[in-house]
There are 2 protein chains.
Amino acid sequence: MTSENPPPSDLAERALGGANLPLLRGHNAAVLLGLLRAAGEGGVSRLELAEGSGLTPQAVSKITARLREAGLATEAGRRASTGGKPRTVLRLVPGARYAIGLHLDRDESVAVLADLAGEPIAVRRAPLDLGADADEVLAAAAAQVAEVRAAAPGAQVIGAGVACPGPLDHRTGVLHRVTGLPQWDGYPLRAALAERLGLPVVLDKDTNAAAHGLAQQPDGAESFGYLHLGTGLGAGLVLGGAVHRGARTGAGEFGHQVVQLDGPRCGCGKRGCIEALCLAAVAAGEPAEAARVLGVGAANLVELLDVDRVLLGGRTVLADPQAYVRGVAASLDGQLRAHGSAGARTVPVALAPGGAHAVALGAAHLVLASLFASPRGALGSARA
Amino acid sequence: MTSENPPPSDLAERALGGANLPLLRGHNAAVLLGLLRAAGEGGVSRLELAEGSGLTPQAVSKITARLREAGLATEAGRRASTGGKPRTVLRLVPGARYAIGLHLDRDESVAVLADLAGEPIAVRRAPLDLGADADEVLAAAAAQVAEVRAAAPGAQVIGAGVACPGPLDHRTGVLHRVTGLPQWDGYPLRAALAERLGLPVVLDKDTNAAAHGLAQQPDGAESFGYLHLGTGLGAGLVLGGAVHRGARTGAGEFGHQVVQLDGPRCGCGKRGCIEALCLAAVAAGEPAEAARVLGVGAANLVELLDVDRVLLGGRTVLADPQAYVRGVAASLDGQLRAHGSAGARTVPVALAPGGAHAVALGAAHLVLASLFASPRGALGSARA
DNA sequence: TGCACTTTGGCAACAGCGTTGCTTAAGTGG
DNA sequence: CCACTTAAGCAACGCTGTTGCCAAAGTGCA
């Protein structure tokens with residue numbers, strides 16, 4: 001009946017301020033939506049939602065009634081009885097809302113339309129020259145977005161997430177100097193795209209978008225480092241279930257961690273950067289050495305931040321995934337084992353799932369996230 | 001009059017779950033207490049609290065009335081009039097509650113009694129042999145705690161924060177293998193101390209306690225790395241206003257970050273650890289080289305996490321503070337400037353204030369934190 | 001088939017939260 | 001002295017999740 005969306009405001013993200021009843025209402029709705037999404041197609045019963053959220057069953061009934069009325073959730077079958085009335089299963093309605101994900105890379109762009117469950121409904125990949133004129137790039141991107149929107153006519157799209165390489169300001173949506181593409185320096189990409197698309201836009205680094213998407217996976221870890229080895233080397237950090245962007249949203253500069261004092265000079269001007277060492281090894285046809293170096297850097301990251309796991313991605317890794325996963329795991333294990341006082345600590349290394357449109361899908365997840373409260377850990381470092 | 005404490009539950013810490021009215025009440029009380037604490041002796045008016053929290057003035061009036069009834073806040077003078085009725089200033093009552101801070105170091109222990117404002121009321125320092133029998137150590141610690149409690153008879157003490165070196169589990173309160181002191185491996189220090197003191201106890205690493213205390217400083221940054229160079233090298237990370245402890249509460253292993261691939265072997269078994277390089281330089285009487293290495297590690301940390309600043313502490317640093325601050329700053333600046341694409345980015349390096357009982361005071365702050373919600377960035381308006 | 005029992009989930013009444021509308025308190029300035 | 005401004009409290013209100021109770025919908029045994 002009421003066509004108002006549930007308030008997107010997440011209490012966890014603004015817990016610094018006071019909270020009133022509308023905020024509380026939106027928070028609890030987001031919590032239940034998060035649990036519903038985590039349950040996937042299997043669904044959850046009201047009592048399980050109550051147990052998972054800490055709310056009383058009656059409160060869950062009321063809130064889910066609102067969600068059903070808004071079309072976001074629906075009843076879907078029943079559980080087997082355990083001696084009494086069987087539990088009714090509730091499920092997210094994936095088609096109730098959609099989000100756009102847009103990945104602008106140096107040489108190609110990927111647009112995706114994702115439903116509420118985070119599943120890609122339509123994907124369009126196209127070549128792109130990020131070095132071209134801004135208007136040209138924006139027009140191409142907008143056309144691509146229109147194409148994926150056309151795949152689901154009438155879909156209620158709540159916004160677009162945009163992922164780009166290079167440093168940028170997530171809060172203001174302004175690009176900094178993308179390496180090699182000075183014309184984008186200071187360009188207000190978020191505002192420009194929001195106007196052109198007529199949608200709310202969230203801008204983030206490609207590595208952050210990918211990491212965010214990985215964090216939403218049903219079996220995702222609560223904290224991990226996503227290492228992306230492509231034409232460069234970057235990282236996305238997920239700490240406590242949320243992407244860590246840092247004070248100026250510049251966190252994740254993993255490639256220019258120095259792991260060899262006074263080592264070979266890197267393109268960035270420093271010496272002994274892990275990116276320079278890794279890429280030199282790759283260029284020399286020694287992926288084993290690249291993996292070893294990457295593993296040492298991963299060990300530094302794991303020890304500093306105590307994350308649950310390490311995920312690998314990027315074109316260079318995808319060229320020979322098993323070699324990199326095994327090589328990094330061996331190097332990482334060796335470092336952690338040597339530093340043996342922590343005992344039998346082992347941090348799994350895995351290939352980041354999702355393939356070629358993982359970044360675009362993660363960007364769509366950035367938008368969807370405003371509807372959900374993460375069922376995992378709490379302290380969001382994001383600040384409005 | 002009512003002796004009930006305000007609910008210590010912090011919405012931000014359990015935002016994973018649903019929220020109900022008592023939780024909301026406690027949260028808003030904690031938010032206002034946080035603002036009151038941030039205001040210090042100067043105090044805040046009700047309208048300023050409303051602006052800072054996003055609550056309505058009337059809500060602030062009701063909540064502060066409860067805080068005053070509980071004895072936690074009081075009226076303290078008036079502001080100058082701006083044409084109408086002058087604002088009444090509210091102030092925290094520092095003596096309403098107290099917390100114990102206990103720093104157990106290898107060779108000495110420091111106990112402190114801190115009031116609600118975080119000011120030390122009593123401090124006792126005593127030699128300690130952390131290698132002695134557990135019961136002996138606990139008895140000595142308990143006696144020391146009793147001494148500082150005696151300094152404020154009748155004080156309502158809400159708990160004790162305990163800071164120790166070496167790896168430990170913050171959540172369970174169990175020590176892991178403290179380097180060189182294997183007898184503490186697996187010892188449930190929190191439970192043992194809680195029983196002996198008859199108080200709730202929070203256990204944390206010394207570096208985390210120090211970092212937490214630094215984060216509560218009125219002029220403290222929202223995110224920073226605290227590097228502690230003493231007999232070893234460790235770090236405390238404050239991200240988004242809160243100490244980052246990691247998945248297994250083992251974060252902050254800064255000393256064994258590898259910054260020299262295949263470098264000299266470290267005591268931990270790895271090669272090229274920053275701790276080994278630093279301490280070797282110190283032993284060789286070359287603090288400048290130690291500072292340079294430390295600056296490179298600090299640059300790695302700053303780029304990876306995008307923190308606001310770097311703070312230095314620990315005995316070795318305190319032996320020649322200016323040299324280290326200047327040396328690290330120069331090295332850090334050089335690294336960041338070389339990696340120049342980020343532009344005129346400068347991260348200040350400073351000596352961590354607080355002196356010799358900073359860790360113990362930070363430990364006391366760990367307990368006090370349960371009463372407050374961090375006021376930083378409190379621009380959020382709860383108005384819909 | 002019938003009945004006792006268990007479990008689910010909605011209805012209605014309720015206490016408690018912050019909000020709104022209005023009133024009172026306490027100043028300034030012409 | 002009086003109009004005006006600003007601060008803060010009182011009372012009524014809408015809304016939240018909670019509690020007590022009851023209908024619905026199964027199982028299992030006689």
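Per chain, numbering begins at 1; letters A, B, ... match sequence-line order. FYI, side chains are in, hydrogens and waters are out, and symmetry mates aren't considered; it's all heavy atoms of this structure.
Dashed line: the shortest gap from a side-chain N or O of B:T88 to OP1 or OP2 of D:dA7 is not under 4.0 Å. Between B:R79 and the phosphate of D:dA7, there is no side-chain N or O to OP1/OP2 separation shorter than 4.0 Å. Contact check, B:R78 against C:dG27: a side-chain N or O comes under 4.0 Å of OP1 or OP2. A close approach under 4.0 Å does not occur between any side-chain nitrogen or oxygen of B:S61 and OP1 or OP2 of D:dA8. Distances shown here put a side-chain N or O of A:N28 below 4.0 Å from the OP1 or OP2 atom of D:dG17.
Nearest heavy-atom pair across B:G52 and B:L35 is C-CD1, 4.0 Å. The minimum heavy-atom distance between A:A155 and A:Y98, with the atom names listed, is CB-CD1, 3.2 Å. In this structure, B:T56 and B:A50 approach most closely via the heavy-atom pair C-CB, 4.1 Å.
Residue B:Q58 places its side chain closer to D:dG9 than to any other of C:dG18, C:dG9, D:dG9. With C:dG10, C:dT28, D:dG17 as the candidates, the nucleotide lying closest to the side chain of B:S81 is C:dT28. Comparing D:dT19, C:dG18, D:dA8 against the side chain of B:K62 picks out C:dG18 as the nearest.
Atom CD of A:E51 is surrounded by 12 or fewer heavy atoms from other residues, nucleotides or ligands within 6.0 Å. Within a 6.0 Å radius of CD in B:E75, more than 12 heavy atoms belonging to other residues, nucleotides or ligands are found.
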N/O donor to acceptor pairs below 3.5 angstrom from side-chain atoms of residues 81-93 of chain A, sequence neighbours left out:
from	atom 1	to	atom 2	distance (Å)
A:S81	OG	A:G83	N	3.0
A:S81	OG	A:G84	N	3.1
A:S81	OG	A:G84	O	2.5

Please list, for nucleotides 4-6 of chain D, all pairs of protein and nucleotide N/O atoms separated by less than 3.5 Å.
from	atom 1	to	atom 2	distance (Å)
D:dT5	O2	B:G83	O	3.3
D:dT6	O2	B:K85	N	2.9

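Computed from coordinates, the A:I63 CD1 to C:dG10 C1' distance equals 15 Å when rounded to whole Å. The CG atom of A:L24 sits 15 Å away from the C1' atom of C:dT19 (whole-angstrom rounding). In this structure, CG of B:N20 is placed 15 Å from C1' of C:dG18, rounded to the nearest angstrom. To the nearest angstrom, C1' of C:dG16 lies 9 Å from CZ of B:R66. Going from atom CG of A:L90 over to atom C1' of C:dT8 covers 12 Å, rounded to whole Å. Look at CD on B:E75: it is 10 Å from C1' on D:dA8, rounded to the nearest Å. In this structure, A:E51 atom CD and C:dT7 atom P are separated by 14 Å, rounded to whole Å. The CG-P distance, from B:L55 to C:dG16, rounds to 20 Å in whole Å.
Considering only residues two or more places apart in sequence or on other chains, A:D204 meets the salt bridge (Lys or Arg N to Asp or Glu O under 4.0 Å) condition with A:R245.
B:S45 comes within 4.0 angstrom of nothing in the nucleic acid, heavy atoms only.
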